[in-house]
Every structure is written in C-alpha cells, then in structure tokens.
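To start, the structure under review is shown below, and the notes come after it.
Everything numeric here is computed off the predicted structure, so don't read it as measured data. Just so you know, ligand 1 is whichever comes first in the structure, and atom 1 is the first atom listed for that ligand.
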Amino acid sequence: MLANSGYGTRSEVRKLITRGLVRVNGNVVKNIAYSVFENDKTEIGSTEVTAKTYLYYKLDKPDGYLTAMEDKRLPTVADLIPDNLKTKKLSPVGRLDYHTTGLLILTNDGELSHRLTSPKYEVQKTYLIKYEGEPLTDEHVKIFAEGFSLEDTGKKIDLKPSVLNVFEDNKCELTITEGKTHQVRRMLAKFNRSVVALRRVRIGNIVVPEDKEGILEEFTEDELQELMTALSIKR
Ligand code: URA
C-alpha cells in the first residue's frame with residue numbers, strides 16, 4: 001500500500017517499516033507483509049498516509065499479446081501485470097491489436113478510461129506505421145487532414161480529420177482523435193496500402209516509455225496532472 005501510494009519504492013518503504021517508522025492504529029508494525037484495511041490509520045513518523053485509490057500505468061505492449069484480461073490460448077496484457085498489482089483491478093484503456101506494439105494505458109479509474117476513449121474528448125493518439133504499397137503522397141496528407149469515410153463494413157463511417165506525416169521507406173506517422181476498430185489499418189487499406197507494422201507512441205501527453213517493453217511504469221505526478229487537466233477531471 002505504501003509503495004503503491006507513492007511513499008517510495010518497494011525497497012525504500014520496506015526500510016521505513018523495518019526501522020520502526022511505520023505505525024498502524026498507533027502500533028509500530030515491523031512486519032513488511034502486514035496488511036492494512038480500509039479504516040486503519042497508517043502513519044509514517046507523524047505523517048498520516050493516504051492510500052491511493054486510483055492507479056495509472058503506461059506499458060509498451062510487446063507484439064504477440066492480446067489486449068484482454070483473460071484468454072484461454074494466447075498471452076494477454078494481464079500476464080504483464082506484476083503480482084503486487086493483480087488485485088488492483090487495472091484494465092487496459094482501449095485496445096491494441098495482437099501484433100500492434102506501443103503505448104497502452106492501464107488504470108482502475110473508469111472515468112479517465114471513458115474520457116480517453118470517447119471521441120468527444122478528441123484525445124490525440126499517434127501511431128508509427130510501416131506499410132506496403134506505393135509511397136503515400138501529399139495528396140493523401142490533404143485527404144487525411146480533411147477527413148474521409150470508411151465504407152469497408154457496408155456502413156459509411158465518417159472519420160474526423162487526422163494528421164499524416166509521410167517519411168521515407170514506406171513509413172509514416174498518423175495522429176487520430178478517435179478509435180474505431182482497427183482504424184489505422186482500415187484507413188490505409190482504403191488507399192490500398194497494407195500496414196505491416198504498427199506502433200502507438202503517444203496518447204495525449206503520455207508517450208510510450210523508452211526501453212521498458214513489457215514493463216508497467218507508473219505515470220509521473222506531472223503526467224497525471226496534465227492529463228487530468230486536459231480531460232477536465234477533478235479529483
Ligand atoms: N488501429 C489499428 O488498426 N490497430 C491498432 O492496434 C490500433 C489502431
């Protein structure tokens with residue numbers, strides 16, 4: 001609880017406990033496995049500890065993981081949640097395809113999750129794409145900026161304007177503000193390009209952690225505050 005609530009790393013809070021600095025309901029607790037309950041009063045020295053209810057993590061999802069909490073056959077992102085967070089009811093925000101890598105946010109804050117995925121809040125999601133087919137052109141950049149429709153399911157879906165940057169070697173970067181099923185793949189398929197590698201690098205102000213593939217990393221206080229402000233969530 002202390003580590004999850006921001007009072008230090010697991011090894012730092014362990015030291016606080018074994019040194020006798022932590023009290024629960026007035027009694028010093030030196031057992032690092034001691035469990036606190038909701039109404040317990042926990043103190044470090046003379047400071048009362050407030051347990052964090054909401055948790056916010058970012059993950060660089062590796063290829064070959066389902067964005068689901070359970071599957072009979074395939075690895076899921078739930079397999080990447082460490083044991084000490086297994087009881088925290090973290091869920092992925094939105095979905096990345098099995099082969100898509102990159103930024104996935106995991107939280108137990110339903111309101112944040114809702115606002116991040118609702119098209120109403122227009123949160124930017126940026127993807128790096130490697131595709132097959134003729135190189136995309138300035139004409140595509142213009143069409144993407146104006147917004148176009150998908151008709152691949154028999155139903156016309158109007159897409160919001162998006163920002164396409166075209167790079168060399170059949171690579172590009174696309175920023176969208178909504179999240180229809182397989183949206184990026186379908187947007188390129190409309191122009192006869194097929195996505196061969198897809199990586200999400202940013203959601204709003206949150207960027208994918210570097211060199212941390214498969215490891216959950218908690219938001220910094222600044223990242224969390226900036227995101228909450230952008231989404232008008234007051235806690
Ligand atoms: N768009 C897709 O097509 N796939 C993803 O995983 C994410 C966005």
### Task
Identify whether the distance between the nearest side-chain nitrogen and carboxylate oxygen of E151 and K156 falls below 4.0 Å.
no

### Task
Under 4.0 Å from a heavy atom of T100: give me the atoms of ligand 1 that qualify, with their elements.
4 (N), 5 (C), 6 (O)

#### Entry: Partner of L116 under side-chain contact (heavy atoms from CB on, under 4.5 Å), chosen from I203, D109, I206, T107
I203

### Query
Is there any N or O on L198 that sits under 3.5 Å from an N or O of ligand 1?
no

#### Entry: Element-labelled atoms of ligand 1 that are located less than 4.0 Å from some non-hydrogen atom of H182
1 (N), 2 (C), 3 (O)

### Task
Report yes if the distance between the aromatic ring centroids of F191 and F144 is under 6.0 Å, otherwise no.
yes

## Note on the structure
Counting heavy atoms under 4.0 Å, the part of R185 that contacts ligand 1 is both

### Task
Could you tell me whether D138 atom CG has more than 12 heavy atoms of other residues or ligands within 6.0 Å of it?
no

#### Entry: Pick from T67, D97, V195: the one approaching atom 4 (N) of ligand 1 most closely through a non-hydrogen atom
D97

### E178, E146, E122 screened by salt bridge (Lys or Arg N to Asp or Glu O under 4.0 Å) with K160, the one that passes
E122

### Message
Using side-chain heavy atoms (C-beta onward) and a distance below 4.5 Å, is T100 in contact with R95?
### Response
no

## Note on the structure
One finds that the ligand 1 atoms under 4.0 Å from a non-hydrogen atom of Q183 are 1 (N), 2 (C), 3 (O)

### Query
Starting from atom 1 (N) of ligand 1, which protein heavy atom do you reach first, and at what distance in Å?
V184 N, 3.1 Å

### Query
What atoms of ligand 1 come within less than 4.0 Å of a heavy atom belonging to Y127?
7 (C), 8 (C)

